[in-house]
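Read the structure below first, then the notes.
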Amino acid sequence: MSEWAAFLLGLLQGLTEFLPISSSGHLFLLETFLEIQQDSLSFIILLHGATILSVVTVFFKDLKKFTLSLHKKSSYTLLSKMIVSSLPLAAVGFFLRDFVERSFQEIFVGIGFLTTALLLLSLFFKKKKGSSTLDNLSYSQSFLIGVSQAVSAFPGFSRAGWTVSTGLFLGLSPYASVYYSFLISLLAIFGVLLVEIGNHFHSLAFSPNFFFAFLTAYISGTLCLYLVLKLVQKERFFLFGFYLLPLSFYLLLF
């Protein structure tokens, strides 16, 4: 892989992982239209590592407080809610993995973009900003957010878009919606990485260009995560729907 390709893929990962526009859908389109061949598990692992580092950077104070107080009931309860949110995605990965892999086609990506766009645009009609904290989040609500995360296993369905929007519709405050969305993403990413590294440890190999992509993804991802926080708090998250809507029409019609 050339330096230019590594830069593009790293940048796109950082931009699309946190913005509600689907990283899997955009990476698929970039690889398809520019004929970039990227099948390296090592490369994928590094990009996901950059994602984890961005989340830790932005929410460092909250994560530090959470980890240092796991012995307390409030943190233990939050962790149990995170596990409940992770169950739907685990079920999709276990039972529907082959179907998900076969869905990486232009038409399915277009459908994912379209439904995500409609969900984001529906936030415009949400009249009242939520104020609930994660302490008020019920287990049934945690499960619903988890279902939204599971939907995003399919290309074009933005994980950030679906989970943050679901949290907002459930009455969570903007900050709590974003924080919980990326908090449960850490469990999902760690789970995938542990499985993949365990299965392919001896075949992993990292090139300098991979680390260049890692740095690009980390910097762009961190900036985008701050942007998402700001836009959600200002109730401007729906604007990304205007980007996905014409893109979905293009993929579905042409």
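Residues F66 and Y179 have side chains in contact (heavy-atom distance under 4.5 Å, counting atoms from C-beta outward). The closest side-chain heavy-atom distance from S74 to S69 is not below 4.5 Å. No side-chain heavy atom of L225 sits less than 4.5 Å from a side-chain heavy atom of T57. Within the 4.5 Å cutoff, the side chain of S22 has no heavy atoms near those of the F157 side chain. Under the 4.5 Å side-chain criterion, counting only non-hydrogen atoms from C-beta, L89 is not in contact with F94. Taking the side chain as every heavy atom from C-beta outward, I52 and F190 approach each other to under 4.5 Å. Annotation: side chain of L251 is not in contact with side chain of I107 (no heavy-atom distance under 4.5 Å).
Within the structure, side chain to side chain donor-acceptor pair (under 3.5 Å) contacts touching residues 105-114 (residues at least two apart or in different chains) do not occur. For residues 159-169, every residue pair satisfying the side chain to side chain donor-acceptor pair (under 3.5 Å) rule, not counting sequence neighbours, is listed here: T116-W162, S148-T166, Q149-R159, R159-S181, T163-S181. Pairs passing the salt bridge (charged side-chain N to carboxylate O under 4.0 Å, His left out) check and including a residue from residues 128-151, sequence neighbours excluded, do not occur.
A donor-acceptor pair under 3.5 Å links the side-chain atoms of R236 to the main chain of K234, judged by distance alone. Between the Q141 side chain and the S138 main chain, a donor and an acceptor come within less than 3.5 Å of each other.
Under the ring-ring contact (aromatic ring centres under 6.0 Å, His included) criterion, Y226 pairs with no residue, sequence neighbours left out. Take H26 and apply the side chain to side chain contact (heavy atoms under 4.5 Å, CB included) test, not counting sequence neighbours, and it matches L12, T16, I21, F113, Y243, L244, L247. By the side chain to side chain contact (heavy atoms under 4.5 Å, CB included) test, S142 is found to be paired with K81, V84, S85, L137, Y180, residues two or more places apart in sequence or in another chain being considered. Taking the side-chain hydrogen bond (donor to acceptor under 3.5 Å, both in side chains) definition, one finds that T216 meets it with nothing, sequence neighbours left out. Under the ring-ring contact (aromatic ring centres under 6.0 Å, His included) criterion, Y175 pairs with F59, not counting sequence neighbours. In this structure K61 satisfies the side chain to side chain contact (heavy atoms under 4.5 Å, CB included) test with no other residue, sequence neighbours excluded. Evaluation of the side chain to side chain contact (heavy atoms under 4.5 Å, CB included) rule for F242 yields L121, F238, L239 as partners, not counting sequence neighbours.
Between L70 and S75, the shortest heavy-atom contact is CA-CB, 3.8 Å. The two atoms that bring G167 and I145 nearest to each other are CA-CD1, 4.2 Å, heavy atoms only. Across all their heavy atoms, G14 and S220 have their closest contact at CA-OG, 3.2 Å. Pairing each heavy atom of L252 with each of L114, the nearest pair is CD1-CD2, 4.1 Å. Nearest heavy-atom pair across F214 and G49 is CE1-C, 3.6 Å. A176 and S132 get closest at one heavy-atom pair: CB-O, 3.9 Å.
Clustering ILVMFWY residues whenever any of their side-chain heavy atoms sit less than 4.5 angstrom apart, transitively, puts V147 in a cluster other than the one holding V164. In terms of hydrophobic clustering, with Ile, Leu, Val, Met, Phe, Trp and Tyr side chains grouped at heavy-atom distances under 4.5 Å, Y76 and L78 are assigned to different clusters. Residues L47 and I219 fall within the same hydrophobic cluster, defined by Ile, Leu, Val, Met, Phe, Trp and Tyr side chains chained together at heavy-atom separations under 4.5 Å. By the criterion of side-chain heavy atoms lying less than 4.5 angstrom apart, applied directly or through intervening Ile, Leu, Val, Met, Phe, Trp or Tyr residues, M82 is not grouped with F143; the two fall into different hydrophobic clusters.
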*asked:* Pair F18, S23 - check side chain to side chain contact (heavy atoms under 4.5 Å, CB included), show working.
replied: CA-CA 8 Å; F18 300 109; S23 61; over 6 Å; no

*Would you sort out whether Y139 and S80 count as a side-chain hydrogen bond (donor to acceptor under 3.5 Å, both in side chains), showing the intermediate values?*
CA-CA 9 Å; Y139 283 97; S80 63; 2.7 Å; yes

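In this structure, a donor-acceptor pair under 3.5 Å is absent between the side chains of T51 and Y218.
When the shell of 6.0 Å around CZ of F169 is examined, it contains more than 12 heavy atoms from other residues, nucleotides or ligands. With a 6.0 Å radius and a threshold of 12 heavy atoms from other residues, nucleotides or ligands, K72 has its NZ atom at or below the threshold.
Taken from CG in L29 to OH in Y250, the straight-line distance is 9.5 Å, to the nearest 0.5 Å. Here OG1 of T133 is found 4.0 Å from CG of N136. Values are rounded to the nearest 0.5 Å. With rounding to the nearest 0.5 Å, the separation of CG in L168 from CG in L119 is 9.5 Å. The distance from the OG atom of S140 to the CG atom of L170 is 8.5 Å, given to the nearest 0.5 Å. With rounding to the nearest 0.5 Å, the separation of CG in L53 from OG1 in T222 is 6.5 Å. Rounding to the nearest 0.5 Å gives a distance of 10.5 Å between CZ of F7 and CG of L215.
Aromatic ring centroids of F249 and F254 lie 6.0 Å or more apart.
Taking Ile, Leu, Val, Met, Phe, Trp and Tyr as hydrophobic and joining them when side-chain heavy atoms fall under 4.5 Å apart, one finds L87 isolated, its cluster having no other members. Through ILVMFWY side-chain contacts below 4.5 Å, L68 is grouped with nothing and stands alone.
When each of P174, P20, S177 is checked for a side-chain contact (heavy atoms from CB on, under 4.5 Å) with F237, only P20 meets the rule.
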